[in-house]
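To keep things clear, I will list the structure first and then write my remarks on it.
Being a predicted model, the structure only gives us computed values, none of them experimental.
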Number of protein chains: 2
Amino acid sequence: MKVAEPTVERLIQYYRLMSSMKEEGRKVVSSLQIGEILGIKASQVRKDLSYFGEIGKRGVGYHVNRLCTHIENILASPRVWRVALAGVGNLGAALMGHAAFKSYKFSVEALFDVDPEKVGRKIMGVDCFHSDEIARVMEDRNIEVLLLAVPAVAAQSCVDQAVRSPTLKGILAFTPATVIVPDRILFYRVDIFVELEKLLFFLKEREKNNFQPAGKLI
Amino acid sequence: MKVAEPTVERLIQYYRLMSSMKEEGRKVVSSLQIGEILGIKASQVRKDLSYFGEIGKRGVGYHVNRLCTHIENILASPRVWRVALAGVGNLGAALMGHAAFKSYKFSVEALFDVDPEKVGRKIMGVDCFHSDEIARVMEDRNIEVLLLAVPAVAAQSCVDQAVRSPTLKGILAFTPATVIVPDRILFYRVDIFVELEKLLFFLKEREKNNFQPAGKLI
DNA sequence: CTAAATTTGTGCAATAAATTACAAATGCTT
DNA sequence: AAGCATTTGTAATTTATTGCACAAATTTAG
């Protein structure tokens, strides 16, 4: 039973929404209401939510607490993933400091940087090593996931080192650089500049057509 | 003639690759080679590139300089977009400091923050205003695009202010918060934590199936 | 208790995107 | 100059994703 990527993405959104509704004390919600808030068609919401079994109640809607727990189970981790962050510049710091970064799904077990000011110290409670030690430390500390927040020029060399550790399973990269990664490693990318380019491109298209061809909502 | 989003995304990748090949002095490249580097099927590359007219040469491949200019024209801006950045924390600073952020396609005309240390000063040459002034300043300075790098709790209020300016056309948000945006505004989102959740989810799925069902490459 | 109003779950249709397969064009080799 | 090896462009097909429409379940009102 495999789940499509767009479905997982929406499940995460539903989960966030249910969490906040739970806090507000809301008890029940319909697919139409979920859809309106998130900019998704109600039928899509129902299809996504029913994929893992009947969880709603006909004529009523979805029970917020129940749905929340349900999605939590679907998205649950089998264990706490061991993560390392390479690049403790502004972006890395932004990540570390972000509330959403404190998750029970993973723990940050090592940092890497080339700045002598940072190497050898603990930053926010985590040991920072020199980037030359990525392979060794990742294996020693049994790191499964690498978050790559280094400058574009350093990206490939960090990846090359990281994949030498047999413990590595996935990489999430925040760099516009093209990197080569072996098939056995799951690779995801967050590319701010691609998104910005896309926004400007479709802004131009809208202007050309002189008005709005219904872009993305939320 | 409308262009699909996945196509635009790949065009941006092709453009980056061609730029770097151009610098390396490479003259010719085939769809197969492009595809291997970027993790895209050669046929997909050809379909994307031929969409705007025949640009390659059969039996030979694509001329790097020519292809570079070609894609540049497709992605070109009609003018320099006027952009503002709300939230000059770590993430905002990371953006401002990034090499890829210096583009001839847009110029940053205003910053917004609530920190009294920053408000009223120039940061990297750009005036920083208090977030309460978003609506006024955006209209005064004719800002068309807002980059939203504020904490989740502040996101909706910033958007509400920004959409009051009739000059606003698009928003790129870096927040996991759900925000309501009117249809006339083009809205894009970069959500690091959704990507991280997706990575962990599919890592779990791989493990469950005991081995790799060919994930995303690059 | 019956009828009307909601709202889910889901088979089927429609749309979007990726892949295949191959003719046409080009260059290289002999 | 003829034949072979490349490589593009694209029509046709396949796969993926979304949207529609309606039966089934539930609640509310009279």
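- Taking atom NE2 on B:H63 and atom C1' on D:dT8, their separation rounds to 16 Å, with Å as the unit.
- Under 4.0 Å is where a charged nitrogen must lie from a carboxylate oxygen, and between A:R79 and A:E144 at least one such pair does.
- Nearest-nucleotide assignment on DNA chain D puts the 5′-proximal partner with B:V60, out of A:A4 and B:V60.
- Distances shorter than 4.0 Å separate some side-chain N or O of B:Y62 from OP1 or OP2 on D:dG9.
- Between the P atom of C:dA17 and the OH atom of B:Y51 lies a distance of 10 Å, rounded to the nearest Å.
- Taking atom NE2 of B:H70 as the reference point, atom C1' of D:dT8 lies 13 Å away to the nearest angstrom.
- Remark: C1' of D:dA16 and CD of B:Q44 are 13 Å apart, rounded to the nearest angstrom.
- If you check the side chains of A:Q33 and A:Y62, you find no donor sitting under 3.5 Å from an acceptor.
- The distance between atom CD1 of B:I34 and atom C1' of D:dT6, rounded to the nearest whole Å, is 15 Å.
- Residue A:L11 contributes atom CG, which lies 13 Å from atom P of D:dT17 at whole-angstrom precision.
- Contact annotation for B:I55: backbone-only contact, meaning every heavy-atom pair under 4.0 Å involves sugar-phosphate atoms and none involves a base.
- Heavy atoms of A:A42 sit nowhere under 4.0 angstrom from any nucleic acid atom.
- Residue A:S30 is classed as a sugar-phosphate contact, given heavy-atom separations below 4.0 Å to backbone atoms only.
- Contact annotation: side chain of B:K57 to base of D:dT7, donor-acceptor pair absent below 3.5 Å.
- Picking from C:dG9, D:dT8, D:dA11 the nucleotide with the shortest atom distance to the side chain of A:E54 gives C:dG9.
- Using a 4.0 Å cut-off, some side-chain N or O of B:S31 falls inside it from OP1 or OP2 of D:dT8.
- For B:E5 and D:dT17, the CD to P distance is 15 Å, given to the nearest whole Å.
- Of the candidate nucleotides C:dT20, C:dC12, D:dT26, C:dC12 has the atom lying nearest to any side-chain atom of A:K47.
- If you look at B:F174 and B:Y188, their ring centroids are not closer than 6.0 Å.
- Dashed line: the shortest gap from a side-chain N or O of B:R46 to OP1 or OP2 of C:dT19 is not under 4.0 Å.
- The aromatic ring centres of A:F202 and B:F187 sit 6.0 Å or more apart.
- Remark on DNA chain D: of its neighbouring residues B:L49 and A:G59, the 5'-side contact belongs to B:L49, judged by nearest-heavy-atom nucleotide.
- The phosphate of D:dA23 has neither OP1 nor OP2 within less than 4.0 Å of any side-chain N or O from A:R58.
- Between the NZ atom of B:K41 and the P atom of D:dT10 there is a distance of 21 Å, rounded to whole Å.
- With respect to the salt-bridge test (charged N to carboxylate O, under 4.0 angstrom), the residues B:K41 and B:D48 do not qualify.
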